[in-house]
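What follows is a single structure, written as structure tokens, with notes after it.
Within every chain, numbering begins at 1; the chains are lettered A, B, ... in the order of the sequence lines, protein sequences first and strands thereafter.
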Protein chains: 2
Amino acid sequence: MTLYNEYDRLLVAVDCIIFGFHGDQLKLLLIKRDFEPEKGKWSLMGGFAKKSESLDDAASRILMSLTGLQEVFLEQLYCFNQVDRDPVERTISVTYYSLINIEDHDEELSKQHDASWFDLGEMPDLIFDHNEIVDRAHQRLKYKAEHYPVGFELLPPKFTMPELQSLYEAIFETEMDKRNFIKRIDSLGILVKLNEKKRTTGKKGAFLYQFDEDKYKQQMKTGNKFQIKP
Amino acid sequence: MTLYNEYDRLLVAVDCIIFGFHGDQLKLLLIKRDFEPEKGKWSLMGGFAKKSESLDDAASRILMSLTGLQEVFLEQLYCFNQVDRDPVERTISVTYYSLINIEDHDEELSKQHDASWFDLGEMPDLIFDHNEIVDRAHQRLKYKAEHYPVGFELLPPKFTMPELQSLYEAIFETEMDKRNFIKRIDSLGILVKLNEKKRTTGKKGAFLYQFDEDKYKQQMKTGNKFQIKP
DNA sequence: GCAAAAGTGTTATTGCTACACCCATGC
DNA sequence: GCATGGGTGTAGCAATAACACTTTTGC
């Protein structure tokens, strides 16, 4: 079939916003771009879509190539489509944001790409419209973390309540009362409290918790809704 | 410059989900497709992106060509990207949803496209993945209408409380208590009550209201948040 | 023994839900 | 005069927000 012949074909970039969390700070993994244009500037990790591959798969591939991670949280964010956003050629960018446990990523790989982590509040100027993309990703993360249990993706499997709280404080850019926070989390009925303490922070040590996927599904079935208010 | 030479270019479709509201029902404007493949089947209105045009502009153009409307609510929904979603050629579809006052659209134009309005609950089978697209659009509309004053886009400039309520009931697929509904709307402080009644429905007639953009902005400035709970 | 972070309950207020009767008018 | 849809208030309950002291232990 040779229908659709008269129409334009476009370059489709796939760019990834990679969130991590460490030491009370939301962080983003950025690369030093190693090709023209804008070689040497900071940028989101990206690549181009292939004809034989879905964009979802392309995003996975690109994320994998920088972090070594697969099967992590990865969701389409938005298609940025201004005509002149890339000076070389008309390119649209379909963006995906990812939430990873910062300890899991492959440091060797990220070194190869001249990548490094930046606090969300202290980002350099990025190429093209990437700063705008990051803003939108943060907005989406705020929404998503409020209504779905995605925060845990940014933490190790075992984490403490103070860690969880400071994660949400970083995402929402607010401060919260710790008693109210714990009450809210507790009432969700989706965590398991372990009989272990993490002793690295503080001197008393804090109990470790785990997110329990099954408990979460159970809660949703019974009509309860996940929600953490900012 | 001839960078980026090695990469694939893709067909980019732009499809529009056009919502309307009439007689207690959320409705969608669909067209009978007049070209192959799937000629004669029901479909969303769409077109292909041009190299020299942003996708936002393409969506406006496509919406305009079917409804005659410009400057109406139009927002990007999602990029559907499965490799085999269009059997002819690899095509990604960047979708936009629109909210229009059903009385405003140009019936001549829509006749030319063999378009007609369907209740959201009584949709025919659509081509490709368009049913899935509609589902996602409805999900988005639920979210958007809950948190932003977009419902008014679906109504005439002057509307009654019972009309507004049944709009929200249609969007959220729930029933609401009319006293609580009015209380909530009133407390937002964004409507102007007019000294006119609409007498077509019922025998008593219902007071007309108008949405006041300035009042809305004022309310948001003072920290109030728009929210209509389902 | 003291500094640093973890853990723990109660109260006041606010917001939300549930609920039933009268009103105005067209026929 | 009666049928139809429009309009109105309150009370009980649940969720939320505000708030301060004690505990543990590494140094």
Just list the side-chain donor-acceptor pairs under 3.5 Å for residues 196-208 of chain A, sequence neighbours left out, or say none.
{"residue": "A/Glu196", "atom": "OE2", "partner": "A/Lys158", "partner atom": "NZ", "Å": "2.8"}
{"residue": "A/Lys198", "atom": "NZ", "partner": "A/Glu163", "partner atom": "OE2", "Å": "2.4"}
{"residue": "A/Arg199", "atom": "NH1", "partner": "A/Lys204", "partner atom": "O", "Å": "3.0"}

_Rounding to an integer number of Å, can you tell me how far B/Asp186 CG sits from D/dT8 C1'?_
11 Å
_B/Glu175 CD to C/dT17 C1', straight-line distance once rounded to whole Å_ = 16 Å
Enumerate the protein-to-nucleotides 2-5 of chain C contacts in which both atoms are nitrogen or oxygen and the separation is below 3.5 Å.
{"residue": "C/dA4", "atom": "O4'", "partner": "A/Lys203", "partner atom": "NZ", "Å": "3.4"}

*Note down the inter-axis angle between the two ends of the helix from C/dG1-D/dC27 to C/dC27-D/dG1, five pairs each, to the nearest 10°.*
0°
*Which value, rounded to the nearest 0.5 Å, describes the distance between B/Leu55 atom CG and A/Phe80 atom CZ?*
12.0 Å
_B/Ile185 CD1 - C/dG15 P separation (whole Å)_ = 16 Å
*Would you find a donor on one side and an acceptor on the other, under 3.5 Å apart, between the side chain of A/His147 and the backbone of A/Gln227?*
no
*asked:* Tell me the interatomic distance from B/Phe159, atom CZ, to D/dG6, atom C1', rounded to whole angstroms.
replied: 16 Å
*Can you tell me how far C1' of D/dG5 sits from CD of B/Glu163, to the nearest Å?*
12 Å
*asked:* Does A/Tyr148, at its OH atom, have more than 12 non-hydrogen atoms belonging to other residues, nucleotides or ligands within less than 6.0 Å?
replied: no
_Less than 4.5 Å apart, side chain to side chain, heavy atoms only: is that true for A/Thr160 and A/Tyr209?_
no
*Would you mind building the protein contact string for nucleotides 11-20 of chain D? One character per nucleotide, 5' to 3', B for base within reach (heavy atoms under 4.0 Å), S for sugar-phosphate only, - for untouched.*
-----SBBBB
*Polar side chain donor-acceptor pair, B/Glu75 to B/Tyr97, under 3.5 angstrom*: yes
*Taking only residues two or more places apart in sequence, or in another chain, which ones meet B/Glu213 in a side-chain contact (heavy atoms from CB on, under 4.5 Å)?*
B/Phe211, B/Tyr216, B/Lys217
_salt bridge (charged side-chain N to carboxylate O under 4.0 Å, His left out) against B/Asp56, all qualifying residues, sequence neighbours excluded_ = none
*State whether the number of non-hydrogen atoms from other residues, nucleotides or ligands found under 6.0 Å of B/His138 atom NE2 is greater than 12.*
yes
*Roughly, in whole Å, what's the span from CD in B/Gln227 to P in C/dG15?*
13 Å
_Spacing of B/Lys197 atom NZ relative to C/dC23 atom P, expressed in whole Å_ = 13 Å
*Calculate, to the nearest 0.5 Å, the distance between atoms CZ and OG1 belonging to B/Arg140 and B/Thr95 respectively.*
8.0 Å
_Whole angstrom value for the distance that separates C1' of C/dG7 from CZ of A/Phe181_ = 14 Å
*Looking at the side chain of A/Ala206, which of D/dT25, D/dT8, C/dG7 is the nearest nucleotide?*
C/dG7
*Do B/Leu74 and B/Ser60 come within less than 4.5 Å of each other through their side chains, counting heavy atoms only?*
yes
